[in-house]
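Each chain gets a letter, A, B and so on, in the order its sequence line appears, and its residues count up from 1. If you're wondering where the values come from, they're calculated on a predicted model, not measured in any experiment.
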Amino acid sequence: MSWLTPDVLVPIVLAILKALVILLCAVLGGAILTVVERRLLGLWQDRYGPNRVGPFGSMQLIADMLKIFFKEDWVPHFADRKLFSLAPVIAFSSLLLSFMIIPVTPNWGVADMNIGILFFFAMAGVNVYAVLFAGYASANKYALLGAMRASAQTLSYEVFMGLSVMGCVALAGSFEMRDIVNAQEGFWFVIPQFFGFCTFLVAGVAVTHRHPFDQPEAEQELADGYHIEYSSMKFGLFFIGEYVGVVLISALIATLFFGGWHGPWLPGIVWFLLKTGLFVMLFVLLRASIPRPRYDRVMQFGWKFCLPLTLINLLVTGALILLNAPASS
Amino acid sequence: MEIAFYLSALVAILSTFRVITHTDAVHALLYLIVSLLAIAMVFFALGAPFAAALEIIVYAGAIMVLFVFVIMMLNVGQESIERERRWLRPGIWTGPAILAAILLVVLAIALWGGGSLGGISGDTLQATEVGIRLFGPYLLMVELASFLLLAALVAAVHVGRDEERQIEPDRTMNEPAQRGPDND
């Protein structure tokens, strides 16, 4: 054990502590967002929202947590028990793992992998199984319909979600998130990659099953879709997982298109949190203001409008990079 | 990295074994997904993170989802589990298993005696190198693969086209398509 000197140990412990802080911030951010969203929805829709527990409803989160912890954790007797328990775990952990790749400030971040953004796409791909298994294991018609809608929608939107980011990757010349942020020193990628930003935002909303793309859980038609049979903490994991996804997509948009920690006057961490918070609010505003479209239109919008747009965007970006590149033989 | 390689290879073999022996189709698919994730870990351990990410995105994230989708739609019940159990009787699989074991022995001897194969070096292959190879020496392969995908796409559009009812997308299901005398 001679290699366990303080020189080696201190960076390891520091890295673990930083990772734990980021993990806690992500989970707590997702949890607090459940209440903040309801307050903001109330504000934008001219009503009060939850304002009874504590001053200005600030204790609502604790009340909700207590309620959800002490509910009976009921598994239906007709359900496939193993898959039924596995699904919420996948839903919560896959998106939470993706926080690993986000560089918060120049020296804060969990992992700098050279596949960077691809890791997020891999985790988003695994996340589909949560909905699929939940829908199948519940042995319930509404849950099955919701799961089928969700998987078809997520697959369709993940196709161009990957392509919409490739413009940024091409401009930065790397998949690594830290390189992408560093490449935005002078100007943010939202300017040359405006269409990439628009399509990534749409795909991000669809992949997290947020309004207006919440077809899988449409409560009028499907009575909450794939998590209809879930109760107590299993439902809680789906619920918090959705908000963790919202925070994750917002942080990714801030990192990929809005320069991450770059910004004048304020320290990097403040800029990062401000930008992420802004996009979280945009998610809530979308939910507050847009009605839910019909399911076939959602699919058509994805395949017939967004996919061609991202392909054209990628072609033009590639052509411009080649034109501006120094001539070499 | 060698420990990671052997551990994930072991997981891959065990879970693939369970894919074959499991009688419930959805649980077998779950093992297949675990197997694919383990193979992605093998790629990681060998220093090919790009291949690992693509393995998860393409196989686990897209193709297997469609498999699970179809199995869910089929709504397999107790009788299919019984059928699977009948198919797993030793009389059915011993013959092919012996033949495959002979091939495995040949492969093991070839690998042992070859010696020219490199070990796990710990070098990491960058994504840019993969891209340069793909669009350099292997450009023809990429073109051929894209031909194949295009052919599949055209076939899917042809099969999926509904020639009987050419309903415009904005018309709802309630009002029937207008059929004039010249529209059939």
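- Taking each heavy atom of B:M64 and A:Y129 in turn, the nearest pair found is CB-OH, 2.9 Å.
- Ranking B:L54, B:V65, B:I56 against chain A, the residue ahead of the rest is B:V65, based on heavy-atom pairs under 4.5 Å.
- Contact annotation: the side chain of B:L30 approaches that of A:F133 to within less than 4.5 Å [non-hydrogen atoms, C-beta and beyond].
- The CG atom of A:L132 lies 12.0 Å from the CD1 atom of B:I71; values are rounded to the nearest 0.5 Å.
- Contact annotation for A:F175: only side-chain heavy atoms (C-beta onward) come within less than 4.5 Å of a heavy atom of chain B.
- Counting heavy atoms of neighbouring residues, nucleotides and ligands inside a 6.0 Å radius, atom CZ of B:F67 does not exceed 12 of them.
- Ranking A:K82, A:M148, A:M123 against chain B, the residue ahead of the rest is A:M148, based on heavy-atom pairs under 4.5 Å.
- B:F44 has its side chain within reach of A:I115: a pair of non-hydrogen atoms, C-beta onward, lies under 4.5 Å apart.
- Contacts between A:L118 and chain B at a heavy-atom distance below 4.5 Å involve backbone atoms as well as side-chain atoms.
- Closest heavy-atom contact between A:A122 and B:A53: CB-O, 4.5 Å.
- The number of heavy-atom neighbours closer than 6.0 Å to CZ of A:F119, taken from other residues, nucleotides and ligands shown, is above 12.
- Residue-environment remark: CZ (A:F301) exceeds the threshold of 12 foreign heavy atoms within 6.0 Å.
- Looking at A:Y136 and B:V68, their side chains never come closer than 4.5 Å, going by heavy atoms from C-beta outward.
- At a 4.5 Å heavy-atom cutoff, the contact between A:L155 and chain B is made by side-chain atoms alone.
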